[in-house]
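Some notes on the structure that comes next.
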Amino acid sequence: MKAKPEDIVRRYHAGSDQFRLILLCGPNVTRCQALVEELVKPLVQSAERVDLTIGDISDSAATLNDEANSASLFGDKRYLVLRLNSGEAVRATAAIENLLASKTAGDPVFVIAPGMGDKTALAKTIISARDALIATCYETTPEQATAAILTMAKVEGLLLRREMSQEIAALTSNDLVLARMEVEKIALYLDATPENPLAPEANILLLLGAENDEEDINLLIHATLNGDAARLAKEIAAARAQGISEIGLIRIMLRHLTKLAELRSKVDKGGNIDSIAGHPSVFFKEQKHFKRQLRIWSSANIARLIERVLQLEIKMKSSGQPDQVLLEEELLLIARKAASSR
């Protein structure tokens, strides 16, 4: 069945036993990822998470269904999260169709398939299935982000003016995951609750350094992707001192890589790097970095980078190692790869 992104979490939580497959697709990578994390929230404390990629299910069309019907080592409940890179949904079609055709409904399977459209044969199969849900995540418009932020604020106990909601939307480039983090940070600072709603002062974003945080994170990301190890070391030290959110950095980096992939595809079609990166749609402060990165990173390598960053987030949640250590190790690895490709 088809669902709107803003409705899919509510629909699944209202009748989770009815659905064996939930798939998020479309061009908005971070929204797909964020919605899956919201969908599985009730399962996190009581069930075992099993993360899969295309490599885990491509040997046989039966593998995914077999995995969904396998018993946990300790007899616990399980849920599966299948992550597909752009273009891999076609290779996963047989496995997903086999799962939907199975007479036994096993553990729920959540599929993240950014880049897949809702007009494909697989999408139509899922739409027609009564025990499956699919939602297409498009890029969030400023108007949608503003409305969503106002709703988030109400839930957190913030009496947010529309103008401030628009500021947060612009600050986070309409990324609802980052926007939620900003709203939660304001609510925590004010000690606001739904029972004790409070209105933030007009200068709250400046006071909490939200704009500066993102600017600092962008400097760190550019040092990484530009292969500038010396600058990266300095930015990592600064990030430690300021206490930048590791998950926030991952979200911003994914957003940047998605933009880089979009620009790189235009270069692959014969476009001029300087003209593409110098287009008004690219923020003028970022143009020199995009020009450099487009000369370093191929489309294939950008796709691998996106997968590595997504896997890093999973690792942070499951390895038990400090997030800061995992993040710094990954950034240094990426920087070394960039330096060797210059």
Side-chain angles (χ1 to χ4, degrees), residues 22-37 39-40 49-59 63-64 67 79-93 95-96 109-117 120 122 137 139 175 177-178 217 220-222 224-227 246-265 267-268 293-294 296-319 321 323 325-341:
I22 303 89
L23 186 144
L24 284 302
C25 63
N28 194 330
V29 180
T30 55
R31 186 90 190 274
C32 291
Q33 171 72 23
L35 282 174
V36 165
E37 297 306 326
L39 285 161
V40 304
R49 174 171 175 149
V50 180
D51 286 288
L52 302 170
T53 66
I54 190 65
D56 298 311
I57 66 166
S58 55
D59 287 346
T63 302
L64 182 60
E67 187 65 45
Y79 64 96
L80 282 59
V81 178
L82 172 61
R83 195 182 304 275
L84 302 173
N85 288 328
S86 182
E88 291 180 346
V90 174
R91 295 168 58 194
T93 296
I96 292 173
V109 178
F110 302 88
V111 184
I112 304 168
M116 173 182 152
T120 62
L122 175 58
C137 300
E139 296 300 334
D175 186 317
V177 176
L178 296 176
I217 287 173
L220 197 153
I221 290 170
H222 290 316
T224 302
L225 297 176
N226 291 343
E246 289 84 4
I247 295 297
L249 189 148
I250 283 177
R251 299 295 185 185
I252 293 173
M253 191 167 188
L254 281 171
R255 193 176 71 209
H256 179 85
L257 288 171
T258 302
K259 181 68 175 179
L260 186 62
E262 175 193 328
L263 298 179
R264 182 69 234 188
S265 69
V267 175
D268 292 344
Q293 290 158 25
L294 287 171
I296 293 172
W297 298 97
S298 67
S299 289
N301 282 336
I302 295 169
R304 292 189 194 101
L305 266 183
I306 291 172
E307 177 61 21
R308 285 188 70 96
V309 174
L310 289 169
Q311 289 297 329
L312 175 62
E313 184 173 352
I314 294 172
K315 198 173 179 182
M316 283 180 175
K317 294 173 181 176
S318 60
S319 72
Q321 297 181 56
D323 289 355
V325 173
L326 292 171
L327 178 64
E328 289 175 8
E329 286 178 351
E330 187 65 26
L331 293 179
L332 289 167
L333 279 172
I334 294 171
R336 282 197 284 270
K337 169 65 178 172
S340 68
S341 301

Q | From CG (D268) to CG (L263), nearest 0.5 Å | A | 11.0 Å
Q.
What's the separation between atom CG in L260 and atom CD1 in I302, rounded to the nearest 0.5 Å?
A. 3.5 Å
Q. Taking C-beta and beyond as the side chain, do L80 and F110 meet within less than 4.5 Å on heavy atoms?
A. no
Q. Any side-chain heavy atom of V81 sitting closer than 4.5 Å to one from L52?
A. no
Q | Distance (rounded to the nearest 0.5 Å) between L254 CG and T258 OG1 | A | 6.0 Å
Q | Least distance between heavy atoms, N226 atom then A338 atom | A | C-CB, 4.1 Å
Q | For P27 against E139, the heavy-atom pair lying closest together | A | O-OE2, 3.3 Å
**Q.** Any pair counted as salt bridge (Lys or Arg N to Asp or Glu O under 4.0 Å), so long as it reaches residues 302-311, sequence neighbours left out
**A.** R308-E330
Q.
Using side-chain heavy atoms (C-beta onward) and a distance below 4.5 Å, is L257 in contact with I306?
A. yes
Q. So, do M253 and I217 sit near enough that their side-chain heavy atoms are less than 4.5 Å apart?
A. no
Q | W297 versus L225, closest heavy-atom pair with distance | A | NE1-O, 2.9 Å
Q | Nearest heavy atoms of D51 and D56, plus distance in Å | A | O-OD2, 4.2 Å
**Q.** Check: A89 main-chain N/O paired with T93 side-chain donor or acceptor under 3.5 Å
**A.** yes
**Q.** Approximate separation, where rounding is to 0.5 Å, of D175 CG and I252 CD1
**A.** 8.0 Å
Q | By side-chain contact (heavy atoms from CB on, under 4.5 Å) - contacts of E328 (at least two apart) | A | I236, R240, Q324
Q | Residue pair M116 / T120: nearest heavy atoms and the distance that separates them | A | CE-OG1, 3.6 Å
(Q) To the closest 0.5 Å, what do you measure between CD1 (I112) and CG (L23)? (A) 9.5 Å
(Q) We want to know whether R251 and Q33 form a side-chain donor-acceptor pair, criterion being a heavy-atom distance below 3.5 angstrom. (A) no
Q | Under the side-chain hydrogen bond (donor to acceptor under 3.5 Å, both in side chains) test, residues paired with E246 that sit two or more places apart | A | none
Q) Among all residues two or more places apart in sequence or in another chain, which pass the side-chain contact (heavy atoms from CB on, under 4.5 Å) test with A95? A) I57, L64
Q. Do you know the tightest heavy-atom contact between L220 and T224?
A. O-OG1, 2.9 Å
Q.
Between R255 and E262, does any side-chain N to carboxylate O distance fall below 4.0 Å?
A. no
Q. Just wondering, do V267 and R264 contact through their side chains at under 4.5 Å, heavy atoms?
A. yes
Q. Please walk me through it: do V109 and I22 pass side-chain contact (heavy atoms from CB on, under 4.5 Å)?
A. CA-CA 6 Å; V109 178; I22 303 89; over 6 Å; no
Q. Who are the side-chain contact (heavy atoms from CB on, under 4.5 Å) partners of S265, not counting sequence neighbours?
A. none
Q. Heavy-atom distance under 4.5 Å between the side chains of Q293 and H256, does that happen here?
A. yes
Q | Sub-4.5 Å side-chain heavy-atom contact between L35 and C137 | A | yes
**Q.** Side-chain touch V50/Y79, heavy atoms, less than 4.5 angstrom
**A.** no
**Q.** Partners passing side-chain contact (heavy atoms from CB on, under 4.5 Å) against V325 (at least two apart in sequence or in another chain)
**A.** P322, E329
Q: Could you tell me whether K259 atom NZ has more than 12 heavy atoms of other residues or ligands within 6.0 Å of it?
A: yes
Q. Between OG1 of T53 and CG of L310, what distance do you get to the nearest 0.5 Å?
A. 12.0 Å
**Q.** Criterion side-chain contact (heavy atoms from CB on, under 4.5 Å) on L305 and K337, from CA distance to verdict
**A.** CA-CA 11 Å; L305 266 183; K337 169 65 178 172; over 6 Å; no
